[in-house]
Amino acid sequence: MSVTVETAVETVAGQRAGSAGGRAVGGDFGPLVRQVRAAGLLERRRGYYARAVAANVAATVGLWAAVWWWGASWWVLALAVPMALVSGRTGFLGHDSGHRQIAASHRVNRALGLVLGNLLLGMGRGWWNDKHNRHHANPNHVGKDPDVGEGVLAWTHEQAARSRGALRWVQRHQAALFFPLLLLEGFNLKVGSLRFLRGRPRRERLLEGSLLAAHAVGYVGLVFTLLSPGKAVAFMLLHHGLFGVHLGSVFAPNHKGMAMPGPEDRWDHMRRQVLTSRNVRGGVAVDWLMGGLNYQIEHHLFPGMPRCNLRRARPLVREHCAAVGLPYTETGLVESYRLALGHLHEAGAPLRK
């Protein structure tokens, strides 16, 4: 499944579903869609993405060349920091291809996703698209959004109450442990990608599995060729640990601590996306660091919109939300983390009694 603005438009055009406040979906979202389309914000930005992919490839090659040049010194480990940032950029581009933001052709976007995700990152395109698109369809909805499903962390009191064993201790202190746990996320993405392939069609297993294997062999072989065994292991741990922290730091502030619809809630597309999402302001630096996903409200309303257009869509969306009486949540970066961690702390409260 691929979540695109075209899908959303088709859905709202054919529905008169009820929503908070009794408004029809098309009544609120339709005018905004027309306004955004008239501004040209849904058009492909091939030049932007061509430059972004080229810069990403050049930076990746340049960093590996620096690892080779500096490999005799333990200071080479400092290169794990920019390597994690560049890996994050690769992940953002893979994310955009999954939403069909880059090319009009599904085949081209799929090929880009396989190269950027499976081959360059070791993160399966199929696994990511399945998980991420289910999140987009029902953000923050327990039982439907895998990002708030039961796992290492608890997102609701009910989840915390059901935890057992060591998880009870983790979830009791989960707000304090959140960022340390992200050090494992880079490895978790690879494990999740492999597990997803079990039970998939043979052709899919063969294609994605082969690319994941090529990444593993190429990455490990390159690191151990350029560095001594001790440095190689340390570099891989640092690279993947920081990569996990980087991605987790980008995705965590966007929804954690926002509304979580229950089974009885019947929100329309606009409310389902706006009420559960939070924007993070901070200018060009935050835009770059978060890959444009700090404009989370705009991204969720128009997932097929090229990332570089989200900033321009913001004033249109904000004005429209004010006109229809819909809260538009936007905070600074530090405040967004405070709210997200506060939600985690509150969710684990039953275990601290």
Handout entry: Remaining members of the apolar cluster that contains Leu242, side-chain heavy atoms under 4.5 Å
Key = Val81
Handout entry: salt bridge (Lys or Arg N to Asp or Glu O under 4.0 Å) partners of Lys190, counting only residues at least two apart
Key = none
Problem - Salt bridge Arg200-Glu208, side-chain N to carboxylate O under 4.0 Å - result: no
Exercise for the section: Report, as yes or no, whether the 6.0 Å neighbourhood of atom CZ on Arg202 holds more than 12 heavy atoms from other residues, nucleotides or ligands. Expected result: no
Handout entry: Contacts of His343 that satisfy ring-ring contact (aromatic ring centres under 6.0 Å, His included) - sequence neighbours left out
Key = none
Exercise for the section: Check whether any side-chain heavy atom of Trp68 lies under 4.5 Å from a side-chain heavy atom of Thr225, and answer yes or no. Expected result: no
Problem - Residues that Arg338 engages under salt bridge (Lys or Arg N to Asp or Glu O under 4.0 Å), provided they are two or more places apart - result: Glu335
Distance-only criterion, 3.5 Å: show the donor-acceptor pairs between side-chain atoms of residues 168-188 and protein atoms not counting sequence neighbours.
| from | atom 1 | to | atom 2 | distance (Å) |
| --- | --- | --- | --- | --- |
| Arg168 | NH1 | Ser163 | O | 3.2 |
| Trp169 | NE1 | His173 | NE2 | 3.4 |
| Gln171 | OE1 | Ser163 | OG | 3.3 |
| Gln171 | NE2 | Gly151 | O | 3.3 |
| Gln171 | NE2 | Val152 | O | 3.2 |
| Arg172 | NE | Leu351 | O | 2.9 |
| Gln174 | OE1 | Ala154 | N | 2.8 |
| Gln174 | NE2 | Ala154 | O | 2.9 |
| Gln174 | NE2 | Leu344 | O | 2.8 |
| Glu185 | OE1 | Asn188 | ND2 | 3.4 |

Practice task
Kindly say whether the aromatic ring centers of His135 and Phe251 come within a distance under 6.0 Å.
Solution key: no
Exercise for the section: Taking atom types as modelled, find out whether His157 and Glu346 have a side-chain donor-acceptor pair closer than 3.5 angstrom. Expected result: yes
Handout entry: Student check: side-chain heavy atoms of Leu189 and His240 closer than 4.5 Å
Key = no
Exercise for the section: With sequence neighbours excluded, tell me which residues meet ring-ring contact (aromatic ring centres under 6.0 Å, His included) with His95. Expected result: His99, His132, His299
Handout entry: Salt-bridge present (Asp147, Lys131; N to O < 4.0 Å)
Key = yes
Exercise for the section: Please test Trp155 against Asn140 for side chain to side chain contact (heavy atoms under 4.5 Å, CB included), starting from the C-alpha separation and ending with a verdict. Expected result: CA-CA 9 Å; Trp155 306 106; Asn140 264 15; over 6 Å; no
Exercise for the section: Return yes if a side-chain donor-acceptor contact under 3.5 Å exists between Asn309 and Arg45, otherwise no. Expected result: yes
